[in-house]
Each structure stands twice: as C-alpha cells, then as structure tokens.
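See below for the structure under consideration.
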Amino acid sequence: LASGATRRATSDPGYNQQPAWLPDGRGILYVNESGLKRLMLDGSAPPVMITNKIPVSDTTIVTPDGRFAVAPISIATPGVSVWAFALAPPFTATQLFSGPGNQFVSHLSPDGRWLLWGIVDGARQETHLVRLMTDGDKPRLGTQRIPVTLGGGKPIGWRRDGREVFYIDKNRAVTAMPVTLQAESAILGTPTTLFTLPQDSDQVSAAAAVTADGSRFLVSETPFAKGQ
C-alpha cells in the first residue's frame with residue numbers, strides 16, 4: 001500500500017475469482033474453472049488444486065488455524081451444500097450441511113469455533129448458528145442448531161469480539177443480535193434494528209458489509225431504487 005505497486009497473482013485460463021486470504025497472509029485460495037486452488041504468494045510452495053468441486057458465488061472462508069476451507073458447493077443432489085476441505089494432503093472433503101434447501105453464506109466466529117450460515121428453502125430464508133470443531137482429522141459440527149432468525153433472514157457476519165452477529169431480516173432491516181458463546185452452546189439476546197435497505201436491493205445478502213467493530217456498514221444500492 002505504501003508504494004501503490006500491484007502485481008498479477010493468477011493467470012489460469014478462464015475466470016479466477018472469489019479470493020480468500022490464508023490466515024498467515026502468505027497465500028490465497030481462489031476459484032478457477034477447475035475448482036478451488038491454493039496459491040502461495042511468497043513462492044514457498046507450488047500452486048495446488050484443493051478440490052475439483054467448484055464453490056458457488058459466496059466467498060470461501062478459512063479457519064483461523066489454517067487447516068480447513070469452508071465453502072458452499074452445488075453438487076449432484078438437489079440444492080447447495082456447505083463443505084469443508086482440508087488444506088493439507090490428501091485434501092479430504094467433508095460435507096458439513098446438506099438439504100433440504102440451499103445452504104449458503106457461511107461466516108466463522110472470530111475464534112473459529114462457531115459457524116453462522118443461511119438456508120434458503122423455497123420462500124423460507126433463515127439464519128442459524130452451530131458449533132464447528134476442527135481439532136480432528138475431519139471437521140465436525142455440534143448437534144445443536146441454534147436458530148438466529150425465526151421469521152426469515154440472511155447472515156452478514158460477526159463483530160470482532162464474537163459477542164454480536166448481524167443479519168438482514170425478511171423486511172430488509174439490518175439487525176444486530178447480542179450472542180454469548182459458551183463451550184457447546186450459545187445464548188442469543190434481543191435483536192436491534194439498525195437501518196433498512198432499499199426495496200430494490202435484490203442481492204440483499206451481499207448488500208451490506210460490516211466493519212470488525214460493528215460500528216459502520218457499507219451498503220450497495222440500486223440507482224434510483226425506492227426508499228433512497
């Protein structure tokens with residue numbers, strides 16, 4: 001940033017998109033036409049394909065310990081499922097969630113122990129919270145699925161201290177909810193409406209991004225949309 005210099009990171013044929021940083025900042029994951037690939041920007045290792053499963057539009061996330069990547073994948077069975085991929089050989093793939101409906105927009109808590117994710121099943125759109133454990137050879141989920149929204153909503157993300165989550169409710173209201181994370185359970189507080197998105201924002205899950213401290217939001221708006 002100090003010099004303003006840029007360099008091209010990828011040169012694969014076709015599209016190279018949806019980049020995600022590795023926790024140590026030395027490399028990235030990205031999606032090309034063949035699947036999910038790891039590239040070490042410091043040249044410490046050659047590029048490697050993690051999986052030939054191609055993540056859908058949501059950005060791949062990496063656990064804080066750097067052992068696994070989590071991404072929604074469209075597979076042969078109906079709908080979109082959330083998978084985890086080991087980032088070390090043999091790059092084992094583990095399906096975390098499956099239908100009914102499409103599982104999407106996953107967000108890890110800052111400590112990497114909890115997963116916030118959304119479900120779309122027909123007209124129903126909800127946000128849930130579940131414990132994620134990565135201490136074994138394969139990641140696994142806790143048995144308790146905690147509903148964050150009951151009347152519809154899509155997740156935005158976490159506050160940096162892990163004590164608050166944000167989502168967009170069925171009325172396009174950006175909402176904050178306090179959360180107390182315990183060993184294997186979580187206690188949710190009373191949600192607070194912060195502001196409402198314009199009516200013509202179709203991609204509402206991507207229409208708001210929150211800063212780490214939860215004090216500011218970036219909002220995408222359609223020009224001349226109702227409510228502006």
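Computation of the quantities below employed the complete heavy-atom set of this structure, encompassing side-chain atoms and omitting hydrogens, waters and symmetry-equivalent molecules. Keep in mind that what you see is a predicted model, and the values were worked out from it rather than measured.
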Applying salt bridge (charged side-chain N to carboxylate O under 4.0 Å, His left out), can you list everything that pairs with [X], at least two apart in sequence or on another chain?
| X | answer |
| --- | --- |
| Asp137 | none |
| Asp213 | none |
| Asp111 | Arg113 |
| Glu126 | none |

Identify the heavy atoms of [X] and [Y] that sit nearest to each other, and give their distance.
| X | Y | answer |
| --- | --- | --- |
| Ala71 | Thr60 | CB-OG1, 3.7 Å |
| Ala176 | Leu194 | CB-CD1, 4.0 Å |
| Pro139 | Phe68 | CD-CE2, 3.3 Å |

Tell me every residue that passes side-chain contact (heavy atoms from CB on, under 4.5 Å) with [X], counting only those two or more places apart in sequence or in another chain.
| X | answer |
| --- | --- |
| Pro47 | Lys37, Leu39 |
| Arg145 | Phe97, Trp117, Val130, Leu141 |
| Pro178 | none |
| Glu33 | Tyr15 |

Sidechain N-carboxylate O distance under 4.0 Å for Arg67, Asp135
no
Under the criterion side chain to side chain contact (heavy atoms under 4.5 Å, CB included), I'd like the reasoning laid out for Ile187 against Val179: C-alpha separation, chi angles, the key distance, then a yes or no.
CA-CA 6 Å; Ile187 300 173; Val179 58; over 6 Å; no
Is any side-chain heavy atom of [X] closer than 4.5 Å to a side-chain heavy atom of [Y]?
| X | Y | answer |
| --- | --- | --- |
| His128 | Ile119 | yes |
| Leu116 | Trp158 | yes |
| Met49 | Asn32 | yes |
| Ile61 | Leu115 | yes |
| Ile168 | Ile156 | yes |
| Val48 | Phe91 | yes |
| Thr149 | Lys154 | no |
| Val219 | Phe195 | yes |

Pairs touching residues 175-199 that satisfy salt bridge (Lys or Arg N to Asp or Glu O under 4.0 Å), sequence neighbours left out:
Arg131-Glu184
Keeping to residues at least two apart or across chains, list the salt bridge (Lys or Arg N to Asp or Glu O under 4.0 Å) pairs with something in residues 21-30.
Asp24-Arg26, Arg26-Asp42
Hey, what do you get for [atom1] ([X]) to [atom2] ([Y]), rounding to the nearest 0.5 Å?
| X | Y | atom1 | atom2 | value |
| --- | --- | --- | --- | --- |
| Met177 | Leu129 | CE | CG | 10.5 Å |
| Leu87 | Thr63 | CG | OG1 | 7.0 Å |
| Ser106 | Trp83 | OG | CH2 | 14.0 Å |
| Ile50 | Thr92 | CD1 | OG1 | 11.0 Å |
| Leu150 | Lys170 | CG | NZ | 10.5 Å |

Val62 with Ile73, same ILVMFWY side-chain cluster at under 4.5 Å
yes
Which pairs would a plain distance check flag for residues 1-10, meaning a side-chain donor or acceptor within less than 3.5 Å of a matching protein atom at least two apart in sequence or in another chain?
| residue | atom | partner | partner atom | Å |
| --- | --- | --- | --- | --- |
| Ser3 | OG | Ala5 | N | 3.2 |
| Arg7 | NH2 | Leu41 | O | 2.9 |
| Arg8 | NE | Thr10 | O | 2.7 |
| Thr10 | OG1 | Asn16 | OD1 | 2.7 |

Using atom types as modelled and distance alone, determine if a side-chain donor or acceptor of Thr211 lies under 3.5 Å from a backbone N or O of Arg216.
yes
Residue list, side chain to side chain donor-acceptor pair (under 3.5 Å) with Thr175, at least two apart or on another chain
none
Under a 3.5 Å threshold, yes or no: a donor from one side chain and an acceptor from the other, between Thr134 and Asp65?
yes
